Amino acid sequence: MVQYDLVAKDYSEMIAVDPVKKFAQRPQLLNLLSPKKNELILDIGCGDGTIARMVAKKGASVVGYDASIEQILLAKSKSKGLSNLEFLVSTPTIMSYPKKFDKAFAVMVLLYSDSEDMLQSFFNSTFKLLKPSGTFVILDCLEEKIPFGADSYGRTFVKTGANKAKITFSIPGSNPFAVDMMVFSKEKLESCAKKAGFKSIQWKHLVPNKEGIKIMGAEYWANFIKQNYWEWMILKK
Ligand SMILES: C[S@@+](CC[C@H](N)C(=O)[O-])C[C@H]1O[C@@H](n2cnc3c(N)ncnc32)[C@H](O)[C@@H]1O
């Protein structure tokens, strides 16, 4: 059993109401990934499959994998009747697939590595699973920018050791829950990507979309833009 088995239902309910997921993470991922018809796309740490379903609706075929059996059960039950989607219980150390992927993404997953070796495995495994021209889009929190101790957009990060932290989610309209995570610097993530073989590395800030600014108001996002601890990492083979 992994920690996301225990919080699968709470996590799934939280992401349905969280403005950061709804108006920043998911729309920007779709822009950066730009999924096309007939592409084969890998969703690493797919959770309940919310993003995989959005990508499949653009016409791509999506394979999602997650270490949590409970998350994969949720992903399968929420995707009944939809085509172009496959969900597997797996981890980067054992993941294999008979075809190579055009693109891969991992949204808020690498920080749940349980060791630096596991972090490296995410990069190594994805490099091997991608086609020669493949792209890997990652969203993560940068250690040097996380506002430890403060409540930031319904998230409170507390350091629990070197490279280790606990994150408590308390998003209005959902049940609070806490999970353990690791914190990695930009330098560490870049060195893992290079070690795996990725040639090109680009960084981009996570920003809210126009709809989010309209619905939540510009004031709501002011600290989000100032704190700026979520970053996209866009890798090419
Ligand atoms: C914060 S959730 C993100 C889910 C989804 N990507 C999203 O943005 O809604 C992190 C997910 O990563 C999965 N995960 C963590 N470590 C993993 C590993 N080593 N292999 C596969 N999945 C992992 C967890 O089980 C969990 O479902």
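Numbering of ligands and ligand atoms starts at 1, following listing order. Keep in mind it's a predicted model, so treat the numbers as computed, not measured.
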Consider every N or O of A67 and every N or O of ligand 1, then say whether any pair is closer than 3.5 Å. yes
Under 4.0 Å from a heavy atom of Q71: give me the atoms of ligand 1 that qualify, with their elements. 27 (O)
Is there a polar contact, in the sense of an N or O pair closer than 3.5 Å, between Q25 and ligand 1? no
Same cluster for V63 and I69 if Ile/Leu/Val/Met/Phe/Trp/Tyr side chains link at under 4.5 Å? no
Sub-3.5 Å N/O-N/O distance, G45 and ligand 1: yes
Indicate yes or no: does K186 engage E190 in a salt bridge with an N to O separation below 4.0 Å. no
Consider only side-chain heavy atoms of I, L, V, M, F, W and Y, link residues closer than 4.5 Å, and tell whether V109 and L30 are in one cluster. no
Which is it for A106 and ligand 1 at heavy atoms under 4.0 Å: side chain, backbone, both or neither? neither
Is it the case that atom NZ in K58 sees more than 12 heavy atoms from other parts of the structure closer than 6.0 Å? no
Looking only at protein heavy atoms, identify the closest one to atom 20 (N) of ligand 1 and say how far it is in Å. P92 CD, 3.4 Å
min-distance protein heavy atom vs atom 3 (C) of ligand 1 -> Y11 OH, 3.2 Å
Given that the side chain starts at C-beta and the backbone is N, CA, C, O, which of these parts of K21 lies under 4.0 Å from ligand 1, counting heavy atoms, or is it both or neither? side chain
Between E70 and Y11, do the side chains contain an N or O donor and an N or O acceptor separated by less than 3.5 Å? no
min-distance protein heavy atom vs atom 18 (C) of ligand 1 -> F122 CZ, 3.5 Å
Interfacing atoms of ligand 1 (cut-off 4.0 Å, heavy-atom, M118): 19 (N)
Under 3.5 Å donor-acceptor, N228 side chain and I225 backbone: no
Path from F105 to V207 over hydrophobic side-chain contacts below 4.5 Å: no
Do me a favour and list the nearest non-hydrogen protein atom to atom 27 (O) of ligand 1 with residue, atom name and distance? D66 OD2, 2.6 Å
Are L130 and L33 joined in one hydrophobic group, where the rule is that I, L, V, M, F, W and Y side chains link up if heavy atoms are under 4.5 Å apart? no
Salt-bridge criterion met for K9 and D48 (N-O under 4.0 Å): no
Side-chain heavy atoms under 4.5 angstrom apart, residues restricted to Ile, Leu, Val, Met, Phe, Trp, Tyr: same cluster for Y4 and L74? no
Candidate list K166, E143, K164, test side-chain contact (heavy atoms from CB on, under 4.5 Å), partner K159, passing option: E143
Side chain, backbone, both or neither: which part of I44 has a heavy atom under 4.0 Å from ligand 1? neither
Which residue holds the protein heavy atom closest to atom 15 (C) of ligand 1, what is that atom called, and what is the gap in Å? Y112 CB, 3.7 Å
M108 neighbourhood, listing ligand 1 atoms whose heavy-atom distance to it stays under 4.0 Å: 1 (C), 2 (S), 3 (C), 10 (C)
Looking only at non-hydrogen atoms, which of L88, T93, V109, T50 approaches atom 14 (N) of ligand 1 most closely? V109
What about V107: any of its N or O atoms under 3.5 Å from an N or O on ligand 1? yes
For S90, the atoms of ligand 1 under 4.0 Å from one of its heavy atoms are 20 (N), 21 (C)
